[in-house]
Amino acid sequence: MGYDFNSIEQKWRAYWAKNQTFKADNHSEKPKYYIMDMFPYPSGAGLHVGHPLGYIASDIFARYKRHQGFNVLHPQGYDSFGLPAEQYAIQTGQHPAKTTQENIARYRDQLDQMGFSFDWSREVRTSNPDFYKWTQWIFLLLFDHYYCNDEDKALPISHLVLRFEKEGNTTLNAVCSAGIESFSAAEWNAFIESKKEEILLGYRLTYLSETEVNWCAELGTVLANDEIINGVSERGGYPVTKKKMKQWSMRIGAYAERLLKGLDEIDWPESLKEMQRNWIGKSIGAKVFFQIEGHEEKIEVFTTRPDTLFGVTFMTLAPELELVQKITHPDHKDDVEAYISETKQRTQRERMADVKNSTGVFTGSYVIHPFDGSRIPIWIGDYVLADYGTGAVMAVPCGDQRDYDFAKHFDIPIKNIFKGVSIEKEAFTDKENTTIDNSDFLTGLSYQEATDKVIEALEEKECGTGTINYRLRDAIFSRQRYWGEPIPMYYNEQMPQPLTLEDLPLELPEVENYLPTSEGAPPLGNAEKWAWDTVSKKVVVNEKIDHQTVYPLELNTMPGWAGSSWYFYRYMDAQNSDVFVGKQAMEYWREVDLYLGGSEHATGHLLYSRFWQKFLFDLGIVPVEEYAKKLINQGMILGTSAFIYRKPGTKTYVSKDLLETEEGIEPIRVDVNLVNASDELDTEGLRKWQSQFETAEFEMHEGVFKVGREVEKMSKSKYNVVNPDEICNQYGADTLRMFEMFLGPVEQAKPWNTAGISGVHNFLKKYWRLFFKDDQWIVTEEKPGKKELKVLHETIKKVTTDIENFSFNTCVSSFMICVNELTSLNCHSREILSPLTLLLSPFAPHLAEEIWQKLGNTSTLINQPYPEVNESYLIEDSKNYPVSFNGKMRFTIPLALSLEQEEIKKAVLDDARTAEYLQGKAPKKWIIVPNKIINIVY
RNA sequence: GCUCGGAUGGUGGAAUUGGUAGACACGUUGGACUUAAAAUCCAAUGACCAUUGCGGUCGUGCGGGUUCAAGUCCCGCUCCGAGUACCA
């Protein structure tokens, strides 16, 4: 019979489910530990072996922490709003909720199969109204707050109103949209209500504005910057163009500095923090105002090199800038307009593809240099981006390569302001080795001195100021989709009005059709009369509208990242219908201690969630400013695709061994499940797999047909998916768990290779044989010897430090060594095997639990105290010291550890081999590293 | 282009942070047990030379350097991966 993993695993899964073994309590004397995985999107394809990698690692750690005496919160849920279910609905008419429900059921089955210790009583689903009620609530809070720079936190809009009534906005230091004019208290009080609301909207942390957005016509929706890869949509790879639309945005820019600073306080991977730093993109420089000749307006530019102010030979404005219309000289109007409409036609992709070529046009106008009074021509060019900085640059061709290329292309003069540097071929951009020349009062200064001096001068003349700019842009929050959280807003005379917490959740309306309406409104527009009655405080669907009190609701929904920006709090108190999280639960759990997930979320979810956290912290709703103390990125498990090679125009396929040149040969992907561990293809299976292969001819090599291999992302369309269910059936969940850990470091990407699994499976069988021989229980009550105890305690020590360091691959190795040694020592002592079982339980929980019970324990081992290392068993009394001469290892010599250095020297000198190497020379120097090495320099 | 990671046997990967490189596994080869197979166990396995001697030489992407001692530290390259990109 031996190790019957199937029945063991079934038994314990059922036991854990029945007894709710992993339910975490919100009240406990024990210290808490909150460990969480990034929750999955339940896709229709189910899980492949790559998905559970992180869950296995976190589960091992969670189980380990329980043994360490912690009250562990280890929840799981589903990020269940998303595009695939909606697209399936468009194709088939099946409601996304139904698709999602079915997919979740399949995910749950698969997850359960692997023996995860999740507390399912806390499961969350972002698409459930009792969950998204609180997502909507946070949206309302954002709408009701603005960001005060003086207090450096979010404050209620009501404070702002009071302030406007008293002193207008002239003394206010708050984050707001561009183009808000200043007004006095008297002016404010005289504004009509709608004007006031419009102004307030410019301060709210979530606000409605006419924005230029990334529009994807194929998907019928707006995309965020991080949803676009190389100018095409991340999903589907469709072209993306710019389009102006009224959109909800999140003022994440208000938190740029705090998001940056917060990174220093959290234990996240350095590479991921670096990605966030780059994404936030802080740059220090100056704003400079240039007076336009013959106009009231000034052009405001941002520059990181104010020291090069005397090298300016032209200005460049982004073509989208409204100012362009005003200042264009009549003689150049046609050129400018032609250029603007031309740039509008170009997609983002085309624009990026042609980075090398400078395009632009002269406006016919000039600005005046603030210091030397010279006339500087104003150009427009699409290398200047409208939404970064001020959308205008002062072009210094001698110090910036793009300005240089532009100047060369249009024959604009280039002025050299750097001492001893040639700018014949390219711009000089090395600011560290700069001496400014030819620049009036800046001549002779270094970059830093000149920068300080020019900012001082600019401020004095009131035509500039030192400033900081961020690349981070406000996040667009509207999606023209059905399957997302409805935005809890209705419209009165074009102005958005919020619902209140009591009105929530605002549930999705039923629609017949999930596509945008024929008028181009989002899919929610398909609902008949989806509107809000302000009197009954209810959604009005399909009823007569009383125009006095009923207003249309917002038709856009929230993006995918809304629910995931706060879900970790809901786990703390998932069933609470009264509040977001109960006070007691919040105080007890506070924050996530360890968060596991992929680095692909670095500039999306992991940034947005930090932003919401800081906002909720400002309001006193959450107790900490960073929600995840420590984060680990697990690497992806990749697939190994299999290829066969077809001779062009035939049905003949050639074995990899016979393939001499790939020229003219068509590689075709085949299902990896038709290939064995030696890369041999099951040709009969292939014929049955797809009709195109039914009549295929195979050119074998020595009787076998071999495939080519390539490592790629695991995906259904590449036929390289390995299913965890099958691995579990064949080898058991415990083997799968240990094998995924054994594959390599958790953080690293690595290809799946089923062939290696036998090593781990054999280990578990060997472990089983420590307890059973021919189905007979062979554990003895004998006292273990010194050797056995040493093996055990070495293993405890090694495994414990490796778990703490998240080095699970070496843990598995340590277990293997331990079991091999115990086997060769023929050790079956309870005193050794009992703690070893405990040690193994996080990795192979089903097997460990079974053995634990067989050992006569009545309670499960989930909360059993972790075995401690007894160092005294590890101390040796002698050791083989390697002896080397001038660093070259020659021989080893056994010595007692208690020897002093002088005694060691003597023992080594007494050895005949030493004499041979020294040959009469006296040692010049001894290097004796305790417990390690003896090196004699001669 | 910029930023951050990597590069160790046929393969996945170890190496106490400067101290016997290649742990542990896969694979391969040979052997034991079997009528046979499966399963299990044992041995060998970086390369080259010597293998009736227990040994020697070279070896962590490449070229230098520091050190008694370098996979590990320093300088200069090459290649691969990830992120980002007219960011002024």
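Model, not experiment: these values are computed from the prediction. So you know, we letter chains A, B, ... as the sequences are listed, proteins then strands, and number each from 1.
Nearest-nucleotide positions on RNA chain B for A/M275 and A/G281 put A/M275 closer to the 5' end. Of the two residues contacting RNA chain B, namely A/I757 and A/G744, the nearest-nucleotide position lying further toward the 5' end is that of A/G744.
Using modelled atom types, one side-chain atom of A/N720 and one backbone atom of A/S715 make a donor-acceptor pair closer than 3.5 Å. With A/Y447 contributing its side chain and A/R305 its backbone, the two residues share no donor-acceptor pair below 3.5 Å. In this structure, A/N278 contributes its side chain and A/G281 its backbone to no donor-acceptor pair below 3.5 Å. Judged purely by atom type and a 3.5 angstrom limit, A/R402 has no side-chain atom pairing as donor or acceptor with the backbone of A/Y383.
Note on A/K766: only backbone sugar-phosphate atoms sit closer than 4.0 angstrom, heavy atoms only; bases stay farther off. Residue contacts shown for A/Q401 are absent, as no nucleic acid heavy atom lies under 4.0 Å away. A/P745 comes within 4.0 angstrom of the backbone, heavy atoms only, and of no base. Residue-level contact check: A/S758 touches the backbone only, with heavy atoms under 4.0 Å from sugar-phosphate atoms and none from bases. Nucleic acid contact for A/D403: none, since no nucleic acid atom lies under 4.0 Å from a heavy atom of the residue. A/N753 comes within 4.0 angstrom of nothing in the nucleic acid, heavy atoms only. Using a 4.0 Å heavy-atom distance criterion, A/I817 is classed as a sugar-phosphate-only contact. Among the protein residues, A/N469 comes within range of no part of the nucleic acid, since none of its heavy atoms lies under 4.0 Å from any strand.
Comparing the C1' positions of B/G61 and B/C79 gives a spacing of 7 Å, expressed to the nearest Å. Taking atom C1' in both B/U57 and B/U67, one finds a spacing of 23 Å when rounded to whole Å. Spacing between B/G27 and B/G22 at atom P, rounded to whole Å, works out to 22 Å. Rounded to a whole angstrom, the distance from the C1' atom of B/G9 to that of B/U45 is 10 Å.
Aromatic pair A/F314/A/F406: ring centres closer than 6.0 Å.
To the nearest angstrom, P of B/C86 lies 19 Å from CG of A/L317. Taking atom CZ of residue A/F742 and atom P of nucleotide B/A14, one finds them 10 Å apart after rounding to whole Å. In this entry the distance linking NZ of A/K273 with P of B/U84 reads 20 Å, nearest Å. Regarding A/F763, its CZ atom lies at a distance of 13 Å from the P atom of B/C41, rounded to whole Å. As rounded to whole Å, 18 Å separates atom P of B/C4 from atom CH2 of A/W279. The separation between A/H605 atom NE2 and B/G83 atom P is 18 Å, rounded to whole Å. Between the NZ atom of A/K798 and the P atom of B/C24 there is a distance of 12 Å, given to the nearest Å. To the nearest angstrom, C1' of B/A88 lies 17 Å from CD1 of A/I380.
Considering only side-chain N and O atoms, A/K765 lies under 4.0 angstrom from the phosphate OP1 or OP2 of B/U40. For A/R769, a side-chain nitrogen or oxygen approaches OP1 or OP2 of B/C41 to under 4.0 Å. For the OP1/OP2 pair of B/A88 and a distance below 4.0 Å, the side-chain nitrogens and oxygens of A/Y383 include no atom meeting the criterion. In terms of phosphate contacts, A/R402 brings a side-chain nitrogen or oxygen within less than 4.0 Å of OP1 or OP2 of B/C87.
Counting atom types as modelled, A/R277 pairs no side-chain N or O with a base atom of B/C4 as donor and acceptor under 3.5 Å.
Applying the 90° cutoff around 0 to the glycosidic angle, B/G9 is assigned syn.
The partner of B/U78 is B/A7, by the rule that a Watson-Crick or G-U pair needs both atom distances under 3.5 Å.
Crowding of A/K797 atom NZ: a count of heavy atoms from other residues, nucleotides or ligands under 6.0 Å not exceeding 12.
Closest to the side chain of A/I933, out of B/U20, B/C26, B/A14, is B/U20. Set against B/C24, B/U3, B/G13, the side chain of A/N809 has B/G13 as its closest nucleotide.
Counted by atom type alone, A/D802 and A/N805 present zero donor-acceptor pairs between their side chains at under 3.5 Å.
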